[in-house]
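Below you'll find the structure, written out as structure tokens, and then a few comments.
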Number of protein chains: 2
Amino acid sequence: MSENLPKYLRVKQKIKDAIKDGTIVDKLPGERVLAKEFNVAYMTIRKALNELQEEGILHKTTTRGTFVSHRKMSPKTTNNIGFFLDSGIRQGISSPYYSLVFKALEKTVKKAGFNLLLFSDSEDMNPLKKQKKIDGVIVCCFPRLEKQIQEIKKFLPIVLLDNIASDKSIPSVTINNFNACSESVAYLISLGHKRIGFISGLLDSDVCNDRLNGYLDALYQHRIPEDDSLIFKGDYSYESGEKAAKYFLAMPGGAPTAIMCANDSMAIGAMKVIQENKLNIPADISVVGFDDIEVSARIFPALTTSAAPIEEIATEAVNMLFSSIKGTIIEYKHVILPAKLVIRESASRVKN
Amino acid sequence: MSENLPKYLRVKQKIKDAIKDGTIVDKLPGERVLAKEFNVAYMTIRKALNELQEEGILHKTTTRGTFVSHRKMSPKTTNNIGFFLDSGIRQGISSPYYSLVFKALEKTVKKAGFNLLLFSDSEDMNPLKKQKKIDGVIVCCFPRLEKQIQEIKKFLPIVLLDNIASDKSIPSVTINNFNACSESVAYLISLGHKRIGFISGLLDSDVCNDRLNGYLDALYQHRIPEDDSLIFKGDYSYESGEKAAKYFLAMPGGAPTAIMCANDSMAIGAMKVIQENKLNIPADISVVGFDDIEVSARIFPALTTSAAPIEEIATEAVNMLFSSIKGTIIEYKHVILPAKLVIRESASRVKN
DNA sequence: CACTCTTATTGCTATATAGCAATTTCTGCC
DNA sequence: GGCAGAAATTGCTATATAGCAATAAGAGTG
């Protein structure tokens with residue numbers, strides 16, 4: 001339980017808590033006394049107190065002591081919220097999915113009188129460090145930035161989107177990728193499909209692995225043997241969807257009768273290749289996507305896909321972030337929302 | 001000489017000076033080395049360095065070292081730029097076109113050490129008024145907000161995108177919609193098309209009217225009589241593209257052999273309907289779009305469309321805004337960039 | 001030449017301690 | 001009670017030192 005947090009930060013939190021629950025009201029004991037009380041070195045307690053002073057929670061006067069700053073609204077809030085999007089994410093903020101997320105976040109945040117700031121054009125999270133212009137940040141990134149998240153978390157309220165950090169103390173909002181994918185594949189199976197291809201994303205995140213595992217789970221549930229040659233490793237791009245389709249169409253044993261795609265972009269790419277080969281969707285091959293991006297309903301044939309409840313995701317994430325900003329402890333809170341299968345025209349009963 | 005200043009402050013000043021006169025350029029020696037050099041304790045030099053870091057003069061990275069932060073920003077700036085997107089614009093920031101613009105703007109702005117703030121979720125520009133959090137704003141809106149722009153302009157640097165205000169003193173960056181559309185239609189004519197339908201956007205902005213006029217101009221240039229029944233008033237949405245296609249396909253005189261669309265979304269909507277009617281694109285009907293949104297190259301068949309030079313637009317707009325922020329007068333400057341016709345698969349020679 | 005293992009460097013945390021200057025509090029005297 | 005002087009308290013500066021985690025650089029190794 002003794003977290004890996006530096007001591008002074010833990011002390012700092014304890015003092016914050018003590019102020020909140022009224023244990024400390026006005027004047028704090030002297031630094032030397034506090035050090036004894038918390039059983040840390042003098043310089044350690046000083047570091048904690050100094051940071052609290054920086055934050056405007058305490059104020060100190062030499063020879064008089066340290067006091068709680070009783071100001072209602074801390075004038076420190078910038079009323080800005082940051083949105084950090086991993087630069088490794090395809091197309092960045094112009095990605096059809098994340099632009100929807102961004103839009104929903106802005107809407108939610110605006111309701112509370114806040115503005116939304118975008119951080120998507122950097123390799124790391126350094127721009128967030130020492131950032132005095134935001135009160136908190138919603139982060140969408142790959143596990144590779146996890147260490148940086150830990151750091152940011154120390155001084156900036158943070159909520160994760162889509163991926164869950166292995167440090168489970170950071171609050172997060174995700175969708176149930178496993179269930180959604182499993183459901184989609186089960187749907188295909190219910191249409192009589194047995195040879196079902198899967199186009200995965202980059203397998204470097206929970207999101208991707210969950211979707212793959214959902215696919216595998218559905219096969220397992222219906223006693224369809226797993227076949228590695230039916231799994232194509234994509235990278236979420238249209239191109240990889242095209243590549244995957246070419247691969248499937250060229251399979252010696254014949255193409256699968258259905259293809260499950262880990263996102264809509266790859267589904268669209270795959271559909272293009274299938275159609276270019278004069279095959280009919282869904283009559284010859286069924287295609288199912290994931291994300292329900294705007295265009296999916298508009299192409300021919302309209303794509304059957306899983307829709308994430310983006311508005312809900314945004315609402316949850318923003319609420320959690322605001323709680324965190326207000327100081328309410330919401331560590332360890334993880335919201336998992338269900339995605340919903342939207343049945344359109346791109347999947348149908350298998351030809352016999 | 002031994003001033004009464006604390007040692008760490010004197011050290012701090014010395015470091016500042018060293019940076020100013022070029023003795024220190026980029027990387028500083030390690031903290032332990034510096035301590036020796038200045039003949040103070042390790043913790044003392046650390047205190048000096050930390051304060052300099054707080055002030056944004058230095059930045060430190062564990063295992064890499066301490067570095068001078070090279071940027072000379074006037075301290076008055078917030079280093080934030082706003083992007084106002086008229087809430088009347090379809091899909092807002094998740095619109096495939098504007099999300100590309102936004103992405104390009106962020107990239108450009110980041111290079112200058114600025115952040116980008118989104119204002120898209122409001123009916124008017126009130127959120128911009130009294131806004132102390134941005135140094136300038138790039139605005140994308142319909143003429144209906146022109147009066148508000150005048151007001152904002154009084155206290156905030158502003159650059160218009162896409163639309164030109166009738167008050168020509170406000171700097172703007174646009175593309176040559178007239179030429180681009182004229183060129184596209186000329187291209188269709190060169191493929192032998194004579195009955196060319198046009199799906200317009202909402203005719204309440206210059207952008208739209210220019211595109212329509214470009215279409216008409218090409219017809220005129222090639223002595224093809226104008227036919228009002230071939231002009232369908234859309235609203236930039238997929239749905240209106242679908243409606244338009246249904247309208248064209250049901251025309252008593254037969255459908256046009258080609259359709260020019262004022263944007264890609266309507267083109268995609270139209271294509272869907274055409275394909276649902278078992279017609280072939282481009283063999284039966286050619287379709288040309290406008291914008292070159294991401295998905296246009298990925299659908300089947302890949303859409304022939306006009307691409308706006310989005311990176312250039314962003315660069316121009318941001319540069320102009322920065323000039324304006326710095327006080328350089330750039331009123332009356334209007335940059336008009338050419339769009340480029342991207343020929344793909346959705347248009348071909350007319351059937352005879 | 002590529003790869004692995006080791007070593008060195010770096011900033012960060014933490015502890016212990018000492019003296020300073022300013023102020024408050026206590027003490028004793030009248 | 002009033003007041004001067006001593007003592008205690010307070011936060012601040014400064015030093016010295018030790019170990020940590022992460023990374024970069026170097027040294028071997030195949």
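Letters A, B, ... mirror the listed sequences (proteins, then strands); counts begin at 1. Just the heavy atoms: all of them, side chains too, but no hydrogens, waters or symmetry mates, feed the values below. Since the model is a prediction, treat every value here as computed from it, not as a measurement.
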Expected list for residues 37-48 of chain B: side-chain donor-acceptor pairs under 3.5 angstrom, two or more places apart:
unit_1: B/Tyr42; atom_1: OH; unit_2: B/Glu31; atom_2: OE1; d: 2.7
unit_1: B/Arg46; atom_1: NH1; unit_2: B/Glu31; atom_2: OE1; d: 3.4
unit_1: B/Arg46; atom_1: NH1; unit_2: B/Glu31; atom_2: OE2; d: 3.2

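- Between the NE2 atom of A/His59 and the P atom of D/dT10 there is a distance of 16 Å, given to the nearest Å.
- Results of the ring pair (Phe, Tyr, Trp, His ring centres under 6.0 Å) test with A/Tyr215 over A/Phe198, A/Tyr220, A/Phe290 single out A/Phe198 as the only residue that passes.
- Using a 4.5 Å heavy-atom threshold, the side chains of A/Phe232 and A/Lys243 count as touching.
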Output one letter per nucleotide in nucleotides 12-17 of chain D: B when a protein non-hydrogen atom lies under 4.0 Å from the base, S when only the sugar-phosphate is that close, - when neither is. BBBBBB
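- To the nearest angstrom, C1' of D/dT23 lies 9 Å from CZ of B/Arg64.
- Side chains of A/Asp162 and A/Tyr98: a donor on one and an acceptor on the other come within 3.5 Å.
- Per the geometry, CG belonging to A/Leu28 stands 11 Å off P belonging to D/dT10, to the nearest Å.
- The one candidate from A/Leu49, A/Thr66, A/Val11 that meets the side chain to side chain contact (heavy atoms under 4.5 Å, CB included) condition with A/Leu34 is A/Leu49.
- Proximity of A/Thr66 to the phosphate of D/dG11: a side-chain N or O atom is located under 4.0 Å from OP1 or OP2.
- Computed from coordinates, the A/Leu58 CG to D/dT10 C1' distance equals 15 Å when rounded to whole Å.
- If you check the side chains of A/Asp17 and A/Gln13, you find a donor sitting under 3.5 Å from an acceptor.
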